[in-house]
Amino acid sequence: MTKDIDWANIGFNYIKTDYRFVSNYKDGKWDNGNLTSDAVILLDESAGVLQYAQTCFEGLKAYRTVDGHVVCFRPDLNAKRMSDSCKRLEMPVYPEDKFVEAVEEVVKANIDFVPPYGTGASLYLRPYMFASSNVIGVKPAQEYQFRIFATPVGPYFKGGAKPVSVKISDFDRAAPHGTGHIKAGLNYAMSLHAIVQAHNEGFNENFYLDSATRTKIEETGGANIIFVTNDKKVITPKSNTILPSITRRSLMYVAEHYLGLQTEEREILLDELGNFAECALCGTAAVLSPVGKINNHGKEILLPSGMDEMGEVTKQLYETLIGIQTGKIEAPAGWIKVIE
Ligand SMILES: *Cc1c(COP(=O)(O)O)cnc(C)c1O
């Protein structure tokens with residue numbers, strides 16, 4: 001029986017569910033892993049994650065399609081991305097096929113927390129891994145824990161996606177040859193100061209520049225960016241310090257193969273921002289969030305699509321991807337993982 005939750009109003013907060021998946025890495029290998037109802041982690045005071053932040057994570061959703069199935073969107077890409085994150089952080093890879101199986105197990109065990117179709121709510125899944133054994137000298141830990149918990153989240157936009165206002169940040173998020181391209185907790189820790197400041201100044205988000213030249217647009221703290229040109233070409237910044245968003249990669253495919261639009265991944269200069277017709281942020285949480293205004297050190301760039309609604313192409317992209325995710329539009333092979 002689906003839980004009696006006020007799906008429209010739960011927001012994006014942690015709500016404890018019944019089961020989570022846990023697997024431990026010890027003596028050079030992963031155990032089989034199991035579901036547990038225990039949400040508490042007991043760690044030694046010198047655990048690697050607590051001292052040197054050796055941890056990475058993923059985020060994806062389970063939700064109901066129009067015909068009542070419970071599905072996940074491209075979980076194999078989360079598995080692959082987590083394996084890339086682990087390699088960069090000298091953590092053991094959790095096998096990608098087992099990652100997808102564990103996602104499935106957690107969703108099944110918490111099936112009553114998957115919101116009904118049409119509520120806009122979903123069951124958010126948080127796979128993560130951290131160093132659990134003692135370190136004090138700086139080196140990778142010997143033992144790790146991989147977990148997936150689930151928490152129901154409400155519709156990202158209550159009453160429609162309103163355009164957001166962003167600022168060009170004076171802080172940097174990722175260095176060349178650093179960790180910007182992996183989903184490491186440390187990338188988020190250092191972005192908190194910048195986002196709190198941006199919020200205090202009345203902005204919803206930060207646009208980070210490439211830290212080498214500070215002339216190119218990269219992404220926000222937790223979402224990639226797409227732009228639409230006046231002749232309806234969909235472009236996205238090319239950089240190896242951007243986290244490869246699964247939503248963004250899917251949207252670029254949708255633009256080209258479903259909407260017949262031209263697409264391009266290329267460097268996007270700060271100086272070009274005034275030339276675009278539309279701009280939007282993309283990530284699992286909101287799918288697409290339109291940008292209405294960009295503030296570059298006091299100079300305001302107003303996107304022609306304005307502060308009231310999504311631009312035309314953004315809206316088409318949004319509706320097509322949501323249609324694919326919810327089973328109203330046929331998905332490319334392998335995009336939808338049916339769980340129940
Ligand atoms: C997770 C994340 C995104 C969005 O990726 P999705 O796979 O689309 O959810 C974008 N940027 C950063 C920095 C992220 O950590």
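Since this is a predicted model, take the numbers as computed values, not measurements. Remember, it's 1-based here, ligands and their atoms both numbered in the order they're listed.
A salt bridge does not link Asp76 with Lys80: every distance from a Lys NZ or Arg NE/NH1/NH2 to an Asp or Glu carboxylate oxygen is 4.0 Å or more. By the 4.0 Å N-to-carboxylate-O rule, Arg173 lies close enough to Glu219 to be salt-bridged with it. Using a 4.0 Å cut-off between a side-chain N of Lys or Arg and a carboxylate O of Asp or Glu, Asp172 and Arg214 qualify as a salt bridge. Salt-bridge formation is detected for the pair Glu104/Lys337: a Lys NZ or Arg NE/NH1/NH2 atom is positioned less than 4.0 Å from an Asp or Glu carboxylate oxygen. Residues Lys108 and Glu340 are not paired through a salt bridge, judged by the lack of any N-O separation under 4.0 Å between the basic side chain and the carboxylate.
For ligand 1, the atoms lying closer than 4.0 Å to a non-hydrogen atom of Ala223 are 10 (C), 11 (N). Ligand-side atoms of ligand 1 in range of Arg81: 5 (O), 6 (P), 7 (O), range being under 4.0 angstrom from any heavy atom. Using a 4.0 Å cut-off to heavy atoms of Thr247, the atoms of ligand 1 that qualify are 6 (P), 8 (O). If you number the atoms of ligand 1 from 1 as listed, the ones under 4.0 Å from a heavy atom of Arg173 come out as 13 (C). Near Asn224, meaning under 4.0 Å from any of its heavy atoms, are these atoms of ligand 1: 10 (C), 11 (N).
With atom 4 (C) of ligand 1 as the reference point, the heavy atom nearest to it among Gly59, Ser245, Ala174, Ala285 is part of Ser245.
At least one N or O atom of Thr284 sits closer than 3.5 Å to an N or O atom of ligand 1. At a 3.5 angstrom cut-off on N or O pairs, Ile246 counts as close to ligand 1. The N/O atoms of Thr220, backbone and side chain alike, include none that comes under 3.5 Å of an N/O atom in ligand 1.
Using a 4.0 Å heavy-atom cutoff, Gly180 is absent from the residues neighbouring ligand 1.
For Glu58 (side chain) and Ile148 (main-chain N/O), no donor-acceptor pair under 3.5 Å exists by modelled atom type. Asn187 places a side-chain N or O within donor-acceptor distance of the main-chain N or O of Ile182, the cut-off being under 3.5 Å.
In terms of protein heavy atoms, atom 11 (N) of ligand 1 is closest to Glu219 OE1, 2.6 Å. Taking atom 3 (C) of ligand 1 as the reference point, the nearest protein heavy-atom neighbour is Gly222 O, 3.3 Å. Nearest non-hydrogen protein atom to atom 2 (C) of ligand 1 is Lys183 NZ, 2.6 Å. The protein atom (non-hydrogen) at minimum distance from atom 15 (O) of ligand 1 is Tyr188 OH, 2.5 Å.
Asp38 and Thr36 form no side-chain donor-acceptor contact under 3.5 Å, judged by distance and modelled atom types alone.
Each of Lys216, Glu267, Glu218 was checked for a side chain to side chain donor-acceptor pair (under 3.5 Å) with Ser239, and the lone residue meeting it is Glu218.
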